[in-house]
Undergrad: 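This structure is in structure tokens; I'll ask about it shortly.
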Amino acid sequence: MELKQKVSTTGLRILSVLDILLKGPASKNEISDSLVKIPWIKNITKETIGLDINTLKSAGFEIENMGKAANYRYKINWSPIKFKLTKKELSVLCNLKNAVIELSEPYYIIKLYRLFEKITQFIEDDDNINELMNFQYFLNVDFTLLNELYTLIKRKKEVKLLYNSPDFGHKEILIKLKEIKYNNSKLYLTGYSPNYPNVAVLRVDNIIQVLKILKPKEKTIKPKMNTVVYKIKADAKNKTNLMDEEKVISQNNNFIKIELKSDNDFMIIQRLLNFGSDLVYIKNKDIEEKYISKLSAIKEIYKGE
């Protein structure tokens, strides 16, 4: 009876170690701290944890020690535990992904991407994995850098970025960070910079790294707000999520009138372009001219093809 109890406890402990590692990389000390919270597991040593990890390796798990830079944490690179998704299950997950992307909120898209990364470790079918992990534009974004930018925005920091400009190649840009917006299937970082007369708008997938966090300057150029009123067709309502800068002024069976206030003309134009043929009216001469100019430029590109 004692032998059976000992074997049972050992098996539960190994499964507990596996559960900890499946949640993310962990050192022996971190694993030990988690194990001591389990009532039936006692007297855990680093040597015992090492043996348990070796047992998991012999069972087919690929476990890597990440070295000194990562505090000697262990990470599961591959698991022999696999399962199949039914067509219905795959459809539900893909519909969830598309709905989150439609919300246009990068924070939640990143969260879901990270979750799918964990799930797909245990899916057998490569086609299912590829379909789940196809996050369109977001596959080009460095999520580690994106998280860093979000943190710096919350702290209202001014930074020096290394940016890969489509026109000028690599360049350094000083910018006081404002926000990150998802527009026209792209992520844009906006802020105030001495290099730009208006709000600086940078494609996030072209940002290489944050070179330096600067001390806040006493004065930062802040462009004036611009207000534009536009109308869209009423049936476009179901595919439109209002931005924080927008509010509905009026609506009827034919049209929805919306007011948009922003200090970023580029983002306004991108927003209006997003409606396509559903946009029927713009009340702001300056914005209307820029919108028409942008449409003309797009037309010339297609004519060239």
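Quick caveat: nothing in here was measured; it's all calculated off a predicted structure.
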Undergrad: Which label fits Tyr113 and Phe135: parallel for a plane angle under 30°, tilted from 30 to 60°, or perpendicular past 60°?
TA: perpendicular
Undergrad: Which atom names give the shortest non-hydrogen contact between Met243 and Glu246, and what distance separates them?
TA: N-OE1, 2.8 Å
Undergrad: With sequence neighbours left out, write down each residue that passes salt bridge (charged side-chain N to carboxylate O under 4.0 Å, His left out) with Lys46, or none if nothing qualifies.
TA: none
Undergrad: Would you check if the side chain of Asn98 reaches a backbone N or O of Cys94 as a donor-acceptor pair within less than 3.5 Å?
TA: yes
Undergrad: With sequence neighbours left out, write down each residue that passes salt bridge (charged side-chain N to carboxylate O under 4.0 Å, His left out) with Asp127, or none if nothing qualifies.
TA: none
Undergrad: If hydrophobic residues (ILVMFWY) are linked whenever their side-chain heavy atoms come closer than 4.5 Å, directly or via other members, who joins Trp78 in its cluster?
TA: none
Undergrad: Is Asn134 reaching over with its side chain to a backbone N or O of Asn130, donor-acceptor style, under 3.5 angstrom?
TA: no
Undergrad: Please round to the nearest 0.5 Å and tell me the distance separating atom CG of Leu202 and atom CG of Asn164.
TA: 11.5 Å
Undergrad: Under 4.5 Å between side-chain heavy atoms, chaining through other members, with only Ile, Leu, Val, Met, Phe, Trp and Tyr counted: pull out the rest of the cluster around Tyr281, sorted by chain and number.
TA: Phe255, Val280
Undergrad: Using the salt bridge (charged side-chain N to carboxylate O under 4.0 Å, His left out) criterion, which residues pair with Lys75? Sequence neighbours excluded.
TA: Glu64
Undergrad: Side chains of Thr55 and Ser58 only: does a donor on one sit below 3.5 Å from an acceptor on the other?
TA: no
Undergrad: Which Ile, Leu, Val, Met, Phe, Trp or Tyr residues join Leu51 in one cluster when any pair of side-chain heavy atoms under 4.5 Å counts as a link?
TA: none
Undergrad: Does any N or O in the side chain of Asn284 come within less than 3.5 Å of the main-chain N or O of Thr227, such that one atom is a donor and the other an acceptor?
TA: yes
Undergrad: Could you tell me which residues satisfy salt bridge (charged side-chain N to carboxylate O under 4.0 Å, His left out) with Glu148, sequence neighbours excluded, listed by chain and number?
TA: none
Undergrad: For the backbone of Ile123 and the side chain of Thr120, can you confirm whether one donor and one acceptor N or O come within less than 3.5 Å of each other?
TA: no
Undergrad: Can you give me the closest heavy-atom contact between Lys290 and Asp265, atom names plus distance?
TA: NZ-OD2, 2.7 Å
Undergrad: Which salt bridge (charged side-chain N to carboxylate O under 4.0 Å, His left out) pairs, counting each pair once, include a residue from residues 23-32, with sequence neighbours left out?
TA: Asp19-Lys23, Glu30-Arg73
Undergrad: Holding to side-chain contact (heavy atoms from CB on, under 4.5 Å), I want the full list of residues that pass it with Lys178, two or more places apart in sequence or in another chain.
TA: Thr190, Tyr192, Asp263
Undergrad: Who passes ring pair (Phe, Tyr, Trp, His ring centres under 6.0 Å) against Tyr188, sequence neighbours left out?
TA: Phe266
Undergrad: Under the side-chain contact (heavy atoms from CB on, under 4.5 Å) rule, collect the residues that match up with Lys257, sequence neighbours excluded.
TA: Val229, Lys231, Ile249, Ser250
Undergrad: Does a sphere of radius 6.0 Å around NZ in Lys68 hold more than 12 heavy atoms from other residues, nucleotides or ligands, not counting ones at 6.0 Å or beyond?
TA: no
Undergrad: Rest of the hydrophobic cluster containing Ile208 (Ile/Leu/Val/Met/Phe/Trp/Tyr, side-chain heavy atoms under 4.5 Å)?
TA: Leu162, Leu211
Undergrad: If you count heavy atoms of other groups shown closer than 6.0 angstrom to NZ of Lys186, is the number above 12?
TA: yes
